[in-house]
Amino acid sequence: MKDPTVFIVDDDAAIRDALSLLISLKGLRAAVFASAEDFLAVYEPAWRGCLLTDLQMPGLSGLELQNALQERNVILPVVLLTAHGDVATARAALKNGAVDYLEKPVEDEILLDVLQNALRIDAERHRSQQHRAETVERLGRLTPREREVLELLAEGLPHREIAERLVISPRTVEVYKARMMEKLQCRSLAEVVRLGAQARAEPATERSD
Amino acid sequence: MAMLSSPIPVALSSRDLAHHRRRIAYAVMIATLYVVAYILLDWLSYVQPILKFGITPWNPQAGLTLAFLLMRGPRWLPATALAAFLAEVFVRDTPAPLVLLLGASVWIAIGYGGLAWALRAKGLARPIDTPVHATWLAAGSIGTTLLIACGYVALFFAAGDLPADIAGGGVARYWVGDVNGILTLTPLLLYLRKWNAAWPKVWNRHWEILGQLTVVILTVWIIFGLAATDQLRFFYPLFVPVIWIALRWGVPGAVLATLTIQIALIIAAQDQSRSPPLIDLQFLMLTLSLTALLLGAVVTERLETLREVARREAEQRTLLATVPDAVLTLDAAGLVHSANPAALQLFGDIASTAAPARVSELLPTLELAAPEGRATVEACRVDGRVFPADTAWARLHAPANEGFLVMVRDATERQRAEAQLRERDTALARAMRFAVAGELASALAHELNQPITALVSYLGAAQILAGPIPAQDERLQATLGKAVREAIRASEVLKRLREFYRGSALIQEVVSIASVCNTASAVFQERLRRAHAVLVLRIPETIPTVQGDATQLEIVLHNLLANAIDAMGHTSSPWRRIEVQAERVDHEVILKVEDSGPGIAAEVAQKLFEPFVTSKPDGMGLGLAISRSLLRARGGELYCEASQRLGGACFIIRLPIEMAQELRA
C-alpha cells in the first residue's frame with residue numbers, strides 16, 4: 001500500500017463500511033480495521049496516507065493507539081472520530097499531535113476536507129523526510145575542508161575573511177566553493193547557505209514538528 | 001465435737017491446714033460459749049421444779065437454744081444435746097440413771113433441731129419483723145415444746161422415776177416453761193446483730209425508755225409489792241406498759257419488756273408463801289408475751305413499710321425532678337394535680353396561678369380516650385405560645401386519684417430534624433432520578449449516534465452514486481441531501497439532550513467525606529440488621545475535604561453500599577462485614593467500600609461499569625455506570641478490585657482534593 005490510503009479503525013461495522021464506501025467514492029483509497037490492535041498487528045512503516053480512528057473502542061482507545069504509534073516513531077497523521085461530549089479528550093489528542101478530530105456524525109464535505117488535509121500533511125512529511133535524507137547524503141560527500149567552508153559561508157562571512165580564518169588564499173576558497181556547489185548540486189549561494197543551516201541542525205529527526 | 005460438717009481431707013497444704021484449724025477453734029469456742037450460757041441460764045431459772053427434774057415454769061435455755069439453732073443451723077444440735085445433758089447432771093443432781101438423762105437430752109436436742117429446721121425453711125433465720133414470722137415462731141414453738149414436754153415426762157414416767165399423779169401437771173409446767181422461755185428470749189437474741197445499729201436511736205430516746213422502765217417496775221411492784229393485791233387478778237395492768245412499749249419500739253422493745261417482767265416475776269415468786277403458784281402466773285405471762293410479740297411484729301412491719309414508702313417517694317421525687325420530660329398528673333376532672341420542674345419550664349409557671357391549670361388549656365387537642373397511649377399534639381404555654389409536643393399518657397388507678405399521668409416533650413426540634421431529613425431524602429431522590437435520566441440519555445445518545453453516523457455516510461455515498469446517472473430524477477439528489485440533514489438533526493437532538501443532563505447544575509461545594517459516609521450509611525441500618533451484616537466506617541479525622549457535589553457523592557456511596565448489602569445475601573458465611581475506609585494518597589482521597597460477599601466474577605468484572613449490565617433480576621444496571629460517570633465528571637474515578645482483607649469486592653473511589661485545602665497543606 002505505497003499509495004496514500006485512509007486507514008479506518010472503528011469497532012462499529014456499519015460505520016467502517018459506510019466510511020470506506022464514501023471515502024472510496026470520493027476517490028481515495030480506504031482500508032478498514034475493527035480494532036486498534038488489528039491495525040497495529042499488520043502496520044508497515046512503508047504505508048502512506050492517514051489514520052481515521054474512533055476514540056471510544058473496546059481494547060485500545062483512539063488515544064492509546066495514537067500513543068502506540070508515536071512510540072514506534074510512525075509519522076502517519078491521525079484524525080480522531082469522537083462521539084458527543086468527548087471534546088475534552090479530542091483536545092488532548094490534538095495536543096498530543098493529532099492533525100484533527102471529527103465529531104460523529106460527519107458530513108461528507110468536512111470529512112473529505114479533513115482527510116485531504118491529512119493526506120497533504122502526510123505527503124509533506126514524506127517529502128521533507130526524503131529531502132532531508134537527500135541533503136544528508138549530499139553533505140556526506142563533502143570533504144572536511146569543504147564542510148568548514150560551507151559552515152563559514154552559512155554564517156555570512158566574505159571570502160576574504162574565510163581565507164584568513166582557514167589560513168588559505170581567497171582563491172582556494174573560491175575553488176572549494178565551486179567544488180562544493182557542484183557536489184551539492186546547488187545553482188545559487190542562497191541554496192548553499194540553506195543547506196548549510198540544515199547541516200548544522202543535524203541529526204535530522206523523523207518528525208517535522 | 002461433732003460440728004464439723006466435712007471430713008478432713010487426706011492431704012492438706014499448710015495454709016489449708018491453718019485455715020482449717022482456725023475454723024475448728026472458732027466452732028469449739030462458739031459451742032463452748034453456748035453450752036456455758038445454757039447451763040448458766042438453766043441454773044438461774046431452776047425455780048419451783050417438780051421433784052428434781054428439769055421441769056420448771058420458765059426455761060430461758062429453750063429460747064437460747066432455738067435462737068442458737070436458728071442462727072447457726074440445726075446441724076449444731078449435738079451441742080444442744082451436750083448442753084442439756086451437762087445441765088441435767090450438774091444443775092440438778094437428778095436421781096435418774098445417766099442413760100435416761102442422755103436419752104432425754106437427745107430428745108430435747110432433736111425437738112429443737114426439728115423446730116429450727118422448719119422455721120429456717122420459713123425464713124426465720126433473721127430478726128422477726130412481720131406478723132407472719134411472729135405467728136410461725138409462736139405456733140411452731142407451742143406445738144414443738146408440747147411434743148418435747150410429753151416425750152420428756154413420758155421418758156421419766158416410763159422409767160418409774162415420776163409418779164403418775166404429777167405427770168400431767170409436769171407436762172403442762174414443762175410446756176409453759178419452754179414456750180415462755182422461747183417467746184421472751186428467742187426474738188431478742190435474733191435481734192442481737194441489729195443492736196449496734198439501733199443503739200443511737202435508743203440513746204436519743206432514753207427519757208422515753210426510762211419512763212417505760214419506771215412504769216413497768218411500778219406496775220410489777222403494785223402487783224407483787226402491795227400485800228393487799230391479788231396477784232392473779234391484778235396481773236392485767238401489765239398489758240398497758242407492754243402494749244405501749246410494743247407500739248413504740250416494735251418486736252425488740254416488746255420482747256425486752258416481757259423479759260424484764262418475766263425476770264421480775266421469777267424473783268417475786270421466790271417468796272412462795274405470798275405468791276400464787278408460779279405456774280399460774282406463767283400462763284398469764286404466756287398470754288402477755290404472745291400479745292407483745294404479735295403486736296410488736298405488726299408495729300415493726302409497719303415501721304419498715306413506712307420507711308420503704310418514704311424511700312420510694314423520695315426516689316420518685318428525685319426522678320420527677322431529674323427527668324427531662326415534663327410530667328403532669330391530672331385528677332379525674334382534668335385539673336393538673338402536680339407538675340415536675342420540667343413541666344414548669346415547658347409550660348411556664350402553671351403552679352403559681354391561684355386556680356389549678358386545666359389540661360384542656362395546656363394540651364387543647366389531647367384526647368385522653370384510651371387508658372394509655374401516645375400522641376403528638378399541640379401544646380400551649382402559659383404565655384400563649386403554641387408548640388408541637390409528643391405526649392404519652394397512662395390512667396392512674398385507685399387508690400391514686402383515678403386521673404391520668406401525662407408526659408410531655410417539646411417536639412419542635414424533632415419535627416424540624418425530621419423535616420430536614422425528609423428534605424434531604426427528597427433532594428437525594430431527585431438527584432438520583434436526574435443522574436439516572438442523564439445516564440440513560442448519555443447511553444441512548446451514544447448508542448443511537450453510531451447508526452446515525454453510518455447513515456449519514458451511507459447517504460453521502462448514495463448521493464455520489466446517484467450523481468453521474470443522467471436518467472435519474474433530479475429530485476433524488478435533493479432528497480438524499482434532505483435525508484442527510486434530518487439524520488444530522490436527529491443527532492443534534494441527542495447531543496442537546498445529553499448536554500442538558502451533563503453540563504447542567506455542576507455544583508461545587510466543600511464536601512466532608514465523614515459526614516457524607518455517615519448520612520449515606522444511616523439509611524441502611526435497617527437493611528444491615530435484616531442481612532445480619534456489620535458496617536464499619538473508618539474515616540480518619542485527618543482526611544481533607546474535597547471539592548464537588550455532596551449529593552452526588554452520596555448517590556455513589558448509596559449505590560456501592562446497596563450493592564455490598566445485596567452481596568451479603570449471596571454468601572452463606574455468618575461473618576458478614578462491610579467496611580468503608582478513607583485515606584489520603586498524594587493529592588487524592590481514596591475511599592474504599594469492601595465487603596465479605598462472594599466477590600465479582602471475572603466475566604462480569606469486565607463490563608461492570610457499562611450501562612444496562614446487571615446481576616439483579618429487578619435492576620436496571622445503571623447504578624455503577626452512573627456512579628462512575630458522576631465521579632469522572634469531577635475528575636474522580638471509580639473502579640473495582642477483589643478485596644484482600646474481606647474476600648469480597650472492593651470498590652475504590654478516587655477524589656481529587658479541593659484546591660484550597662491543597663494550598664494550606
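So you know, we letter chains A, B, ... as the sequences are listed, proteins then strands, and number each from 1. Computed over heavy atoms, backbone and side chain alike; hydrogens, waters and symmetry mates excluded.
- When side chains are defined from C-beta on, A/Leu25 counts as touching B/Leu465, because their heavy atoms get closer than 4.5 Å.
- Listed here is the closest heavy atom pair of B/Ala454 and A/Ala18: O-CB, 3.4 Å.
- For the options B/Leu455, B/Val456, B/Leu459, B/Ile464, heavy-atom pairs under 4.5 Å to chain A are most numerous at B/Ile464.
- A distance of 7.5 Å separates OG of B/Ser457 from CD1 of A/Ile15, quoted to the nearest 0.5 Å.
- Of all non-hydrogen atoms in A/Pro105 and B/Ile452, the two that sit nearest each other are CG-CG2, 3.9 Å.
- Interatomic distance, OG1 of B/Thr453 versus CG of A/Asp12, reported as 8.0 Å (0.5 Å rounding).
- Crowding of A/Glu137 atom CD: a count of heavy atoms from other residues, nucleotides or ligands under 6.0 Å exceeding 12.
- Between B/Asn449 and A/Lys104, the closest heavy-atom pair is ND2-O, 3.2 Å.
- Heavy-atom neighbours of A/Arg145 CZ from other residues, nucleotides or ligands within 6.0 Å: above the threshold of 12.
- Residue B/His570 places its NE2 atom among 12 or fewer non-hydrogen atoms of other residues, nucleotides or ligands, all under 6.0 Å distant.
- Contact record, A/Asp108 with B/Gly460: OD2-CA, 3.5 Å, taken as the closest heavy-atom pair.
- When all heavy atoms are compared, the tightest approach of B/Ala461 to A/Leu22 is N-CD1, 3.3 Å.
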